[in-house]
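Only heavy atoms go into these numbers, but all of them, side chains included; no hydrogens, no water, no symmetry mates. Only a predicted model underlies this, so the values are computations on that prediction, with no experimental measurement involved. Below, chains carry the letters A, B, ... as their sequence lines are ordered, and counting in each starts from 1.
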Amino acid sequence: MPELPDLEVFAANLQKRFKSKTLETLEVKVAKKLNVSIQELKNTLEGHQLEKVSRSGKTLQLHFKNEAVLGLHLMLHGELRPLNPDEEVKFQIVSFHFKGGDGFALCDFQKQATPTLNPELSEVPDALALNEGYLRELLGKKKVQIKTLLMDQQLIRGIGNTYADEILWEAKISPFSIAKFIPESAVNELLRAINHVLCKETVDIGKKLCEALNGEVKDFLRVHRSDLSKSPTGAEIQIEKKGARKTYFTDEQLLYTV
DNA sequence: ACGCGTGTTACTGT
DNA sequence: GACAGTAACACGCG
């Protein structure tokens with residue numbers, strides 16, 4: 001259940017561990033979300049060298065030397081696990097066995113994690129590739145709550161429930177603010193917060209996880225955490241439910257509704 | 001035991 | 001068309 005910073009770290013660690021290795025066997029256990037046949041996937045990727053691993057929005061991307069790309073979306077519960085020769089990995093969706101014996105699997109007990117061969121590249125900007133003009137124009141025409149906008153993958157890719165709260169706290173904007181009423185100075189602050197929060201978390205989580213391919217790190221979150229009652233600056237953290245998700249915020253954040 | 005859950009999609013209703 | 005709310009997916013975890 002990773003968000004953007006975690007995925008950044010996993011991508012880097014996958015690359016460190018498997019770059020330049022040749023994919024010997026690819027095993028598909030669950031194909032219901034796969035966009036091509038198992039055979040086509042195997043034919044396309046087996047025997048080819050892994051060149052690079054990147055993150056785009058909420059997907060990991062495995063780039064192979066033959067130009068093929070495999071996108072992996074972990075959804076809510078997906079996780080990467082190193083392969084262990086002694087025991088079968090549980091809840092496997094697909095596994096990658098590299099020449100030399102090392103490998104990893106994508107697992108998801110809920111079977112929602114999604115591998116996609118050669119995903120279409122998106123027009124929607126990644127959260128770490130936003131420019132001020134785009135964000136200002138986007139916010140100016142939307143009357144949704146700002147948190148909803150930040151999490152809308154059709155508008156900005158990569159921000160989920162946790163980091164939307166973290167970013168909005170950093171920017172001192174209430175998650176319930178209506179996008180079009182947020183003044184220009186606050187939009188600038190929001191852009192700064194998006195970059196700052198996501199980059200800082202990537203560094204911190206990277207240090208904590210070291211070479212790991214999975215694991216949840218909440219240590220560096222400042223408001224979206226059930227074990228905290230106050231923000232770093234001492235304000236009481238408030239929690240509001242929106243459907244199945246929770247929003248964490250404080251009254252340090254300004255509400256723009258007109 | 002019971003409630004919770006870092007996501008997406010489909011569908012309803014205003 | 002824009003937007004809000006809900007269920008379903010399917011099961012481990014504390």
**Student:** Counting only side-chain heavy atoms from C-beta out, which of C:dC11, B:dT8, C:dC3 sits nearest to A:K142?
**Tutor:** C:dC3
**Student:** Nearest to the A:F109 side chain among B:dT8, C:dC11, B:dT6, which nucleotide is it?
**Tutor:** C:dC11
**Student:** Assess the side chains of A:T59 and A:Q61: does a donor N or O sit below 3.5 Å from an acceptor N or O?
**Tutor:** yes
**Student:** Answer whether the closest heavy-atom distance between the side chains of A:V203 and A:F220 falls below 4.5 Å.
**Tutor:**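 No, side chains not in contact.
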**Student:** Flag the pair A:E211 and A:R17 as a salt bridge only when some basic side-chain nitrogen lies within less than 4.0 angstrom of an acidic carboxylate oxygen.
**Tutor:**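 Salt bridge: no.
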**Student:** Nearest to the side chain of A:Q153, heavy atoms from C-beta on, is which of C:dA10, B:dT8, B:dT6?
**Tutor:**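 Nearest listed nucleotide: B:dT8.
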**Student:** List DNA chain B stems (3 or more consecutive Watson-Crick/G-U pairs, under 3.5 Å)?
**Tutor:**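 Stems found: B:2-5 with C:11-14, B:7-14 with C:2-9.
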**Student:** Is the centre of the A:F18 ring less than 6.0 Å from the centre of the A:F96 ring?
**Tutor:**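 No, too far apart.
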**Student:** What's the gap between C:dC11 and B:dA1 when it is taken at their C1' atoms, as a whole Å value?
**Tutor:** 15 Å
**Student:** Given C:dA4, B:dT6, B:dG5, identify the nucleotide with an atom nearest to the side chain of A:T162.
**Tutor:**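 Taking heavy atoms from C-beta onward, the closest nucleotide is B:dT6.
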**Student:** Quick one: on DNA chain B, does A:Q154 or A:P2 contact a more 5' nucleotide (nearest heavy atom)?
**Tutor:**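 Looking at the nearest nucleotide for each, A:P2 comes out on the 5' side.
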**Student:** Can you tell me if the side-chain N/O atoms of A:K242 get under 4.0 Å from OP1 or OP2 in C:dA4?
**Tutor:**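 A:K242 to C:dA4 OP1/OP2: no side-chain N or O under 4.0 Å.
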**Student:** Quick one: which of C:dA4, C:dC9, B:dT6 gets closest to the side chain of A:K32?
**Tutor:**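 From the listed options, C:dC9 comes nearest.
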**Student:** Does the distance from a Lys or Arg side-chain N to an Asp or Glu carboxylate O, for A:E236 and A:K230, drop under 4.0 Å?
**Tutor:**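 So A:E236 pairs with A:K230 through a salt bridge.
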**Student:** Starting from P on C:dG12, measure out to CZ on A:R81 and report it in whole angstrom.
**Tutor:** 10 Å
**Student:** Check A:E252 with A:K172, please: is the shortest side-chain N to carboxylate O separation under 4.0 Å?
**Tutor:**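 A salt bridge is absent here (no side-chain N lies under 4.0 Å from a carboxylate O).
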**Student:** Counting only side-chain heavy atoms from C-beta out, which of B:dG5, B:dT6, C:dC11 sits nearest to A:H77?
**Tutor:** B:dG5
**Student:** Quick one: label A:Y163 by what it contacts on the DNA or RNA (base, sugar-phosphate, nothing), any heavy atom closer than 4.0 Å.
**Tutor:**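 The residue A:Y163 makes no contact with any strand.
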**Student:** With distance as the sole criterion, is a donor-acceptor pair present between the side chains of A:S95 and A:E27 under 3.5 Å?
**Tutor:** yes
**Student:** Closest approach to the side chain of A:K58, judged atom by atom: which nucleotide of B:dT8, C:dG12, C:dA4 is it?
**Tutor:** B:dT8
**Student:** Any idea which of C:dC9, B:dT8, C:dC3 is nearest the A:Q112 side chain?
**Tutor:** C:dC9
**Student:** Whole-Å distance between B:dG5 P and A:M151 CE?
**Tutor:**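 One finds 13 Å between P of B:dG5 and CE of A:M151, rounded.
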**Student:** Roughly how far apart, to the nearest Å, are B:dC4 and C:dA7 at atom P?
**Tutor:**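 These two P atoms come out 13 Å apart once rounded.
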**Student:** Can you measure A:R157 atom CZ to B:dT8 atom C1' for me and round it to whole angstrom units?
**Tutor:**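 In whole Å, B:dT8 C1' lies 15 Å from A:R157 CZ.
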**Student:** Charged N to carboxylate O under 4.0 angstrom, A:K29 versus A:E88?
**Tutor:** yes
**Student:** Contact class for A:K241 (heavy atom, under 4.0 Å): base, sugar-phosphate, or nothing?
**Tutor:**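 Since only primed, P, OP1 and OP2 atoms lie under 4.0 Å of A:K241, the category is sugar-phosphate.
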**Student:** So does A:K33 get a side-chain nitrogen or oxygen closer than 4.0 Å to the phosphate oxygens (OP1/OP2) of C:dC9?
**Tutor:**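 No, A:K33 has no side-chain N/O under 4.0 Å of OP1/OP2 on C:dC9.
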**Student:** Within this structure, what is the OH-to-P distance between A:Y248 and B:dC4, rounded to whole angstrom?
**Tutor:**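 My rounded result for the distance is 11 Å.
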